[in-house]
Amino acid sequence: MSSLYASTIRDLQTVFNSKTAQTTSTRVPNTVSALVSVDIAVEALQLQIRAAKALWLRWDIGKLYGSRQGDNSDCRFALKTAPHVIGAYASMRKQKATDSSALRLPSISIIGSIQSKIGRPHLLANIELGFFTGILKPVVLDRLLSLYQQLAADIGQLVSDWRSDVADAISKRHAKGLSAASIESTPTFHVKQDSPLLFDVHIGISGLRLGLRADDVATTLLFEALAVKGRATNQDTEETALRWRAKVDHFGLSLGHLGSQALSDDTGPIRTHQTAYMVLDAEIQEVPATARSTSKLNISLSRVHTVMHPEAMSELADLLRSWMSDLHVLRDHRSEEVAEVKSHTNKVLKRLESAERVEHSDVSWFANRLVFVEISGIGIAMPLVEGAAVGDSVHSDIPALLYSIRMISFQNRRNETARFNVQNMALQFSIPEHFTAEFHETVNCMNLPSIDMECQMSSTPDTWQLSAHCSATDFKLSLSPDIADGIYKLIDLFHHGKERISNLEAQYKSEMAKYPHESVSSKYDDSASPITARPSQQISVRMSYTFNSGIVELHREVSDSDRRMMNADLKRGRHWHDTVVLPTVSLWMDYTGPKGNDAISDDSEESDAVLLFNASRNLLRPSILPFFVQVVNRMESRAKRKVSYAALSQPPDLDLPPTPASQQAARVVAKTPAQRIKLRFTLRIDRSRLRLSCAPDSNAYVDLKWESGGFLANTTIGREGVTAVAGTISGVTAYLRHEFAEEGRSCIEAGAKDMAFSVAYRPEDGSGHQKGLSIVLDTQLSGQFRLDQFSAWLVFAAVWVDSAPPLDLPPKSAIVEAATTSAPILAPAPSHEKLAIVALVRFRSIDFDANVGVTNAKLELTPVVLRTLSNGEVTEVDLDIGVTQFTAMGDISGEIKSERINFHTNRQSSRAASHSVPTVLSMAIDAGDLTGALYLQDLRVIVFHLEPANVRLEDNWMAFNEDPNSQVILAFTVQTGVFRSVIRLLAIPSLLNKVYSITNTFDSQERVASQRSNTFKSTKLRKSTEPSPMTAAILNTARKAGQSLPSSPHVRTSQTMKFDLGGIELGIFNSPMTDDQRGDFYRFMIGKIEADLKRRLSREDLPLRDLSLLVSYVIWETSDGPKALRDAAVMRIVKEMIESASKHGRREIAKLPSMTMTMSSIEEPRPSVLLYDFDLIWGEGDGDFSILPYFFEQAYKTFDAFTKGLEQEQITKAKRRGDDLPPRRNTSTIRFDQDYIQNDGEPWGENDQLTFKDRSEGQKPLPVPRLKLLGEGTRQAVELLPRINEFSQQLPVAIHKGVTAPLEDGMDLLLRLYEKQLPDRAP
């Protein structure tokens, strides 16, 4: 270009030099300048330069107007230009082409004046710029680089020549004698060096709109700044300090679809289809310091509105991907130009950096200023619908999460003290018609009217300290059941956005893996770029927080029955709520940073937090239950929909192609050692009280009182370590009583004292060690119970438990039905993913006092220790109960004592790697000596002693795993020592009468509860009419093996029990209660008893029983009753008591040899008939019967009186309960594990009398042992033989009722315990 215009430039220089010389020679010194007025108007101006063979640069300016009036001391000027265009074209004629580029500049308007006042110049100016719009695309960068390639060398040469000509002109002027002194003699405007320019400049910009766009993506990243105004002045300030102010009425950043056309220059904001945007109004002002005040910086932000959605992440990722791809192509195509631009840029930056290398003060910039920041009208909305967009305006019917703040103010005084205030902060789920929270009709919201914070800062070369206090008041949280739906939507959006961010990160890493030399780290690793380490300071932060008051409102949907009971005013409301008052909360936090700047040092950051809950009192009513029930139901329905959706949308397994090596390398993230933060959190809760009231139904209530407690949590952030939580609680007490009951007469009072616990969690350490959890608890429990206040418990249970709305959880039958469906075979979880658990729980003592009217009972257990050990596959539980003592005083008194009880179980978990182990659950119960004595007032009625006993239970699922139609084998084993007891037989009915008086009190308390509570009355009536529910069957624990199970919803079981009793030694006094001077003492001795019972189901699902019974011997002795009674009264050991009582006139009444009995039976329903086969084998030896005069008659009268006394008590109890007949024990056990319901709703067996039928009846009689009838009464011996034969015929019935039925009761009890311990094997 220099060759084209070289001659023209030289001609212009010659003319200019000649004109300058003529003007200098004709100038008259010290002449006064006349008033000058110049106006220039240009309709259009075009400047065009041919830069290359096929490149024309054109500058098109519309209307141009300029004006200057006045002399040099008082000058007014103005300049106005229309919008102009600077472009590069391929031809001389202006025409749009694919390779042309143009930059459209806004209009410019300048009006100002320069005046001289008091010897100092004053500049007043007003600058207005029009609207500027622009689109930046990769193709624009390509065109700029093309222009740089064509023009860079020529423009550089032109600038170099111009600098040389200017230098020559100046040297020639000095050579001709034009010195500075001669120039000063002219009446030009002089500026003193010590008089700076005073100015007042106003700047305004109509708008600025820039967009970032790609050719293959419809999304545009748009930046807007509308109505920008500013002012800068140093007038009216001390020492001409600068005072400035800037304001933007609309500042926005958005992501939307704007099409491919040019951006609009409309002064209004763009409201098109947007997925995310942020807009705000800003104003910043700085007031310089004076002699009395320091510098002030005021920042004001208003109408801060933001809408975010995860869908924007996808669009932003597409835009960045397109830009990165085009930039890489551009770099390859324009590599030389890019390298040259980088080189020039680095030179300029180095010059700027060298110019800024001055001495910096250690004093912070904030130390010399007062900073005021005010932000008002903040609103952030997040639409809760996937793929949603905001639309053409803020108004939308899309549900969203809205976070709003009315105002935030911040003050910083010289970096020493600061104050922070937040007003009306709200978080709510609503439809964001606007961004102000107060006018939204929603109940799912959190409001915090005021937050105040004050802080103080100090700094030294080594430390930086911050002390702050924050307080909040009038917190309000309002929730309704549909909060669960909003939270779930928010969780879905979080996972959706997390996936988008992960994809964006993967794309970035993939691109960086292709071009590793362009990484940022390589720049700083270069030795040519030294880094100067900044002096580090240890940071210390101390904060305190006070939460003064707050409430929580739990709204609920009212049922139709509740609505019918409300008046007209309440019916008009949409929601009804309960209120929970929050306590005053105080929080202290102390944070200390590392001491050094060495990243690999052992120094770590430490943070301590102390949280204190002050005394609180709350009253809750049962109306709060529907809220929680409705929330749980919504969560359950959500879980069902998620499971069904996952089952329908599960994609088939596809053979995916191998991942390229570059992408695999991009997925590898290097782990850098993060800074450790040791976090300690302390929580303390002072006296608090929570009352659960039954009002308005009744005046019963439960009080929960918390004395005080402290908790400490310790963890390390930034490094895998142990997280521990420990705490102590001085006391927690619960009271259940009536409102008008006297103090100390609570129905139930329970509490824990001096509780200490510790929980520690160790994560996986990466070396293959299993993650684990440790739990330690130590406490002391106590409780009290009063039977005469039992109606309070009945009312409370009816109001809070029985009347609670039903949950939509799957019932047990549905769980069993789910167990019958086949499941795929699942691979066992790795060992490092399983959680190992170690737990140690100790109750130092458990004390329970009960006042049941006729007696005051006390139960003491010392101590109780629970140990649990689990490796994620097998769980071992050990429960050890020390001395257990039950003491009673009153009409019924006595003592029962157990030396020890140990419960041990091994259970296989559903996460076990091996499924072939036949044993899923095994249990063992070991008990020590059990002794007891019961008194009726001062009369000892029963004394007993049971030697140590062992109970074992083990299952076998091997046959079931091979064939699902097979039965699971359950084996029960009970072994115990000798049972010894001394009984005052005729006093038992009186003792039973006292026991029945306790049950009568329960009945009377039920009547009292019915009178005091309508809810209990209706609940009791409903329960009396409903059929009894079926008991749950055994869950299918083998489901995870992937077998096809039978259609029956029950697992068939075969149960066996082996019962071994060391013997029975029973002593009976037959004397009346009021007469100790007559009667006999009976001693019954039964040798070792071994019983084996097996029960199972037949092919027709009928109960089958097989019983084998062995009794070593039976001996009946008698002695003198009054003498035996006197000896037994002074003895405590049962064995010695029986031996001593038998010495006085001992006589042997009967003796039987060993007996072996077998009985096989099947029970058929409708009618209930027991078909059996019975066999009896007597051992070697003879049976002896001593025939004593009137002895058997007296014994018969004794047992007959005992039986009649029991029957009379049963009749009396039945009359009190209103029953027609005494309740009869049902011996039928159909299916063993469930009750069958007839069509009329009554359970079988209640009215059906079980009859017995011998299948071999009439074939052969039962054998009778050879008897030696010794005695004086021959007539009595003859009468005894028919009775012996009759008893022999009724022996099978007696064996079934006396042996089989009790063994089955024990099996049922162990079976229920087994079901409770079974693991949930469902995957």
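- Considering every non-hydrogen atom in both G1079 and P1122, the closest pair reads O-CD, 3.5 Å.
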- Trace of the side chain to side chain contact (heavy atoms under 4.5 Å, CB included) decision for T1056 with D1092: CA-CA 7 Å; T1056 61; D1092 293 336; over 6 Å; no
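- Ring geometry, F1199 versus Y1082: the interplanar angle falls under 30°, so the pair is classed parallel (tilted spans 30 to 60°).
- Using a 4.5 Å heavy-atom cutoff, the side chains of E947 and R980 are in contact.
- Contact annotation: the side chain of S898 never approaches that of I896 to less than 4.5 Å [non-hydrogen atoms, C-beta and beyond].
- Counting only distance, with no hydrogens or angles, the side chain of R940 and the backbone of A1128 share a donor-acceptor pair below 3.5 Å.
- When atom types are taken as modelled, the side chain of S1108 and the backbone of A1091 share no donor-acceptor pair closer than 3.5 angstrom.
- To the nearest 0.5 Å, atom CE of residue M1137 and atom CG of residue L1125 are 10.0 Å apart.
- A salt bridge links D926 to R952: at least one charged side-chain nitrogen sits closer than 4.0 Å to a carboxylate oxygen.
- Residues A1124 and S1119 come closest through the heavy atom pair CB-OG, 4.4 Å.
- A salt bridge between E1139 and R1083 is present, with a side-chain N of the basic residue lying under 4.0 Å from a carboxylate O of the acidic one.
- The pair R1312-D1308 does not count as a salt bridge, with every side-chain nitrogen at least 4.0 angstrom from each carboxylate oxygen.
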- Message: Before you tell me yes or no, could you show the steps for K1094 and S1054 under side chain to side chain contact (heavy atoms under 4.5 Å, CB included), namely the whole-Å CA-CA distance, both residues' side-chain angles and the distance that decides it to 0.1 Å?
- Response: CA-CA 7 Å; K1094 181 179 181 180; S1054 173; 3.6 Å; yes
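- Side-chain contact between D1127 and K1143 is absent, with no heavy atoms from C-beta onward closer than 4.5 Å.
- Open room surrounds CD1 on I1133; 12 or fewer heavy atoms of other groups in view lie less than 6.0 Å from it.
- Summarising the geometry of V854 relative to S997, their closest heavy-atom pair is CG1-OG, 3.2 Å, with the distance given to 0.1 Å.
- A side-chain donor-acceptor contact under 3.5 Å links S981 to the backbone of V943.
- For the pair Q1208 and P989, the minimum side-chain heavy-atom distance is 4.5 Å or more.
- One finds the CG atom of L1170 at 10.5 Å from the CG atom of D1254 (value rounded to the nearest 0.5 Å).
- Taking CG from L991 and CD1 from I983, the interatomic distance works out to 11.0 Å, rounded to the nearest 0.5 Å.
- The backbone N or O of D1173 sits nowhere less than 3.5 Å from a side-chain atom of S1160 that would complete a donor-acceptor pair.
- M1057 places a side-chain heavy atom less than 4.5 Å from the side chain of L1310.
- Of the inter-residue distances, the one linking T855 atom OG1 with K994 atom NZ reads 11.0 Å to the nearest 0.5 angstrom.
- Screening R1147, E1148, R1146 against T1118 for a side chain to side chain contact (heavy atoms under 4.5 Å, CB included) leaves a single residue, R1147.
- Although no hydrogens or angles enter the test, the distance criterion places no donor-acceptor pair under 3.5 Å between the side chain of S1161 and the main chain of L1171.
- Taking the side chain as every heavy atom from C-beta outward, E1117 and I1115 approach each other to under 4.5 Å.
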- Item | Evaluation steps, side chain to side chain contact (heavy atoms under 4.5 Å, CB included), between D1060 and K1058 | CA-CA 7 Å; D1060 292 342; K1058 183 177 179 61; 3.7 Å; yes
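- Contact check on K897 versus E895 returns no salt bridge, with no Lys/Arg side-chain nitrogen under 4.0 Å from an Asp/Glu carboxylate oxygen.
- Minimum heavy-atom separation, L1104 to S1098: CD1-CB, 3.7 Å.
- When all heavy atoms of Y1172 and P1292 are compared, the closest pair comes out as CE1-CB, 3.5 Å.
- Scanning all heavy atoms of the two residues, the minimum distance from A1201 to L986 falls at CB-CD2, 4.1 Å.
- For S1071 and R984, the side-chain atoms include at least one donor-acceptor pair closer than 3.5 Å.
- The side-chain heavy atoms of T919 and D955, taken from C-beta on, include a pair separated by under 4.5 Å.
- Contact of the Y996 side chain with the E1209 side chain is registered, since non-hydrogen atoms from C-beta on lie closer than 4.5 Å.
- The distance from atom CG of L1107 to atom CG of L1093, rounded to the nearest 0.5 Å, is 6.0 Å.
- Within the model, atoms CG of L1097 and CG of L1102 stand 8.5 Å from one another, a figure rounded to the nearest 0.5 Å.
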- Task: Could you give me the CA-CA distance, side-chain angles and deciding distance for F1252 and H1296, then say whether ring pair (Phe, Tyr, Trp, His ring centres under 6.0 Å) is met?
- Result: CA-CA 10 Å; F1252 298 84; H1296 180 82; 5.3 Å; yes
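- With hydrogens and angles disregarded, a donor-acceptor distance shorter than 3.5 Å links the side chain of S1142 to the backbone of I1138.
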- Passes side chain to side chain contact (heavy atoms under 4.5 Å, CB included), L1109 versus I1089? Steps please. CA-CA 7 Å; L1109 177 63; I1089 300 175; 3.8 Å; yes
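- Ion pairing of K1135 with E1065 is absent here, as no side-chain N (NZ or NE/NH1/NH2) approaches a carboxylate O to less than 4.0 Å.
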